[in-house]
2 protein chains.
Amino acid sequence: MGSRRDSLISAAAKLLDRGGPAGVTLRGVGRAAGVSHNAPYKHFADKDQLLAAVAAREFRRQTDLAVSSPGGFVGERTPQSLMVRYVRWAQRYRERFKLTFGRWVRDDETLRFEATRARSILVAAVKTAQADGDLPAGEPERLAALLWALAHGAADLALSGHLSTEGNAPEAEDLVADLFRHLKRSTRTARSLP
Amino acid sequence: MGSRRDSLISAAAKLLDRGGPAGVTLRGVGRAAGVSHNAPYKHFADKDQLLAAVAAREFRRQTDLAVSSPGGFVGERTPQSLMVRYVRWAQRYRERFKLTFGRWVRDDETLRFEATRARSILVAAVKTAQADGDLPAGEPERLAALLWALAHGAADLALSGHLSTEGNAPEAEDLVADLFRHLKRSTRTARSLP
DNA sequence: ACCTGAACACCGTTCAAGT
DNA sequence: ACCTGAACACCGTTCAAGT
């Protein structure tokens, strides 16, 4: 079921990768899916809802991959490996990444659900790392938010080229590694204190 | 000189705040500036260049404010105060913030210049904090990139609502404070080690 | 140098109509 | 329920023409 709907989303994702959100036109989507420029309106209220559906599908896929891919089984799913995967995703699919954090996110229920799901996976990994003494103690949700924010910011700044001075820019992955190094040191301090 | 150009940029910024990049139309900009829908082409090659000019002006203004505002003189300009200012800027002018990290940044020379200038101010503050023992040792440019990435990611995630689970979300400012707390602890560890 | 108005090809969206 | 084609109001951009 919904295969027409799915093919519209796929067509939109393809256009998005090629030309950004402006490159996604309902007319173009219809054309690519082999229907009239008007058929999408039977599946999506407007263009924004189609884009939100693209973002939700992409978010869902990436979370699924993080859970099921090689190296993704629970024991190997460290916070750092999840964050590295995150910045690589942003690099590989820059337009989908940008889209996932656009205007509609706040209001789209599916997208909010996917965000919550992704966050809960990260929180679980954080708890394990805390128990292993690899991350400092403290509210795991809060620490997870810190990690996510750093990975997100590093990825986004790298995409816009703002990290580089004159070519010798740190990679987003380097900054992720730096953060974990500092957190590890912070962990040791907290332990050695009363 | 350039007052017509400036008024076009101002009109564009106003439209941007009201309706995002899609709300900025060359026709609307011309109308708001009291010229024909076609006059902007004498000052900007196309719509993207107009938007890039808006972003560059905003970036420049915020950097100027960070340097000259009360509490902004050199001694008070700590990395943390700069980062708090950054996330507040994102919150207050979300559309301008988003615009500043859009597609054109990589290619626009003025925007790249402003980014370099902002980064150098942060790097200077980082060096001072390192000398005072408030931040860990290491390449200051790299540490500045870490701080900026965290502030940027926290601000961007907060804007898209992705930080909240069920309303009890950490604020972007909280995450900035958390990072500095961890870095402070990391500093002490590094000192107490051989 | 700067601006205007007409024109072109496109777009999102609406609507009446078909199966 | 799903799709089509015509239509409407808009847009970015180009061009010939004015001062």
Side-chain angles (χ1 to χ4, degrees), chain A residues 1-57 95-96 98-99 102-108 110-111, chain B residues 1-57 95-96 98-99 102-108 110-111:
Chain A
M1 74 160 218
S3 96
R4 169 54 50 84
R5 193 187 133 96
D6 285 345
S7 70
L8 289 171
I9 295 178
S10 290
K14 207 162 294 179
L15 291 175
L16 177 73
D17 287 336
R18 288 185 71 249
V24 182
T25 67
L26 289 177
R27 295 166 121 93
V29 167
R31 213 177 303 133
V35 292
S36 84
H37 71 278
N38 225 315
Y41 282 97
K42 293 297 152 189
H43 302 273
F44 306 97
D46 54 22
K47 182 180 170 177
D48 270 5
Q49 288 214 14
L50 170 57
L51 288 176
V54 172
R57 194 188 69 168
E95 295 297 345
R96 302 183 189 196
K98 283 279 193 187
L99 184 72
R103 212 174 326 288
W104 38 77
V105 181
R106 295 194 90 90
D107 309 314
D108 188 273
T110 311
L111 212 33
Chain B
M1 76 157 214
S3 97
R4 169 53 49 83
R5 186 177 192 274
D6 285 345
S7 70
L8 289 171
I9 295 178
S10 291
K14 207 164 294 181
L15 291 175
L16 177 73
D17 288 335
R18 289 183 70 249
V24 182
T25 67
L26 289 178
R27 295 167 121 93
V29 167
R31 212 177 301 133
V35 292
S36 85
H37 72 277
N38 225 314
Y41 281 97
K42 292 298 152 187
H43 302 272
F44 306 96
D46 54 21
K47 181 179 173 179
D48 270 4
Q49 289 214 13
L50 171 57
L51 287 176
V54 172
R57 194 188 70 167
E95 295 298 343
R96 302 182 189 196
K98 283 281 194 185
L99 184 71
R103 212 173 326 286
W104 38 77
V105 181
R106 296 195 91 91
D107 309 314
D108 188 273
T110 310
L111 212 33

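All values below come from the heavy atoms of this structure, side chains included, with hydrogens, waters and symmetry mates left out. In this text the structure is predicted, and so the values were computed from the model without any measurement. Labels below follow one simple rule: chain letters A, B, ... track the order of the sequence lines, proteins then strands, and each chain is numbered from 1.
- What separates CG of A:L51 from P of C:dC11 is a distance of 14 Å, to the nearest Å.
- Within the 4.0 angstrom heavy-atom criterion, base atoms lie near A:H37.
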May I have the step-by-step check of side chain to side chain contact (heavy atoms under 4.5 Å, CB included) for B:R96 and B:V54, ending in yes or no? CA-CA 8 Å; B:R96 302 182 189 196; B:V54 172; 5.5 Å; no
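- No side-chain heavy atom of B:R31 sits under 4.5 Å from any side-chain heavy atom of B:H37.
- Distance, B:K47 NZ to C:dC11 P: 14 Å, rounded to whole Å.
- One finds a side-chain N or O of A:Y41 lying less than 4.0 angstrom from the OP1 or OP2 phosphate oxygen of C:dT13.
- Look at CG on A:D48: it is 17 Å from P on C:dC11, rounded to the nearest Å.
- One interatomic measurement links the two molecules: CG of A:L50 to P of C:dG12, which rounds to 10 Å at whole-angstrom precision.
- B:L8 approaches B:H43 most closely through the heavy-atom pair CD1-CD2, 3.6 Å.
- One distance of note links CD1 of B:I9 with CG of B:L16; it measures 12.5 Å at 0.5 Å rounding.
- Shown for residues 22-33 of chain A: residues whose heavy atoms fall under 4.0 angstrom of DNA chain C, namely A:V24, A:T25, A:L26, A:R27, A:R31.
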5'-to-3' dot-bracket of DNA chain D (Watson-Crick, G-U; under 3.5 angstrom; crossing pairs as [ ]; | other strand): ||.|||||...|||||.||
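- Atom NE2 in B:H43 sits about 17 Å away from atom C1' in D:dG12, given to the nearest Å.
- Counting to the nearest Å, the P atom of D:dC10 and the CG atom of B:L15 are 15 Å from each other.
- Nucleotides of DNA chain D nearest to B:K42 and B:D46 differ in position, and the one nearer the 5' end is that of B:D46.
- Rounded to the nearest 0.5 Å, atoms CG (A:D46) and CG (A:L26) are 8.0 Å apart.
- Between B:S36 and A:N38, the residue anchored nearer the 5' end of DNA chain C, judged by the nucleotide with its closest heavy atom, is B:S36.
- The closest side-chain heavy-atom distance from A:S10 to A:R57 is below 4.5 Å.
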What verdict does the side chain to side chain contact (heavy atoms under 4.5 Å, CB included) test give for B:R4 and B:V35, after you've listed the backbone C-alpha separation in whole Å, the side-chain angles of each residue and the deciding distance to 0.1 Å? CA-CA 10 Å; B:R4 169 53 49 83; B:V35 292; 3.0 Å; yes
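- Other residues, nucleotides and ligands contribute only 12 or fewer heavy atoms inside 6.0 Å of the NZ atom of A:K14.
- The CG atom of A:N38 sits 8.0 Å away from atom CZ of A:R27, with the distance rounded to the nearest 0.5 Å.
- Residue A:F44 contributes atom CZ, which lies 12 Å from atom P of D:dC2 at whole-angstrom precision.
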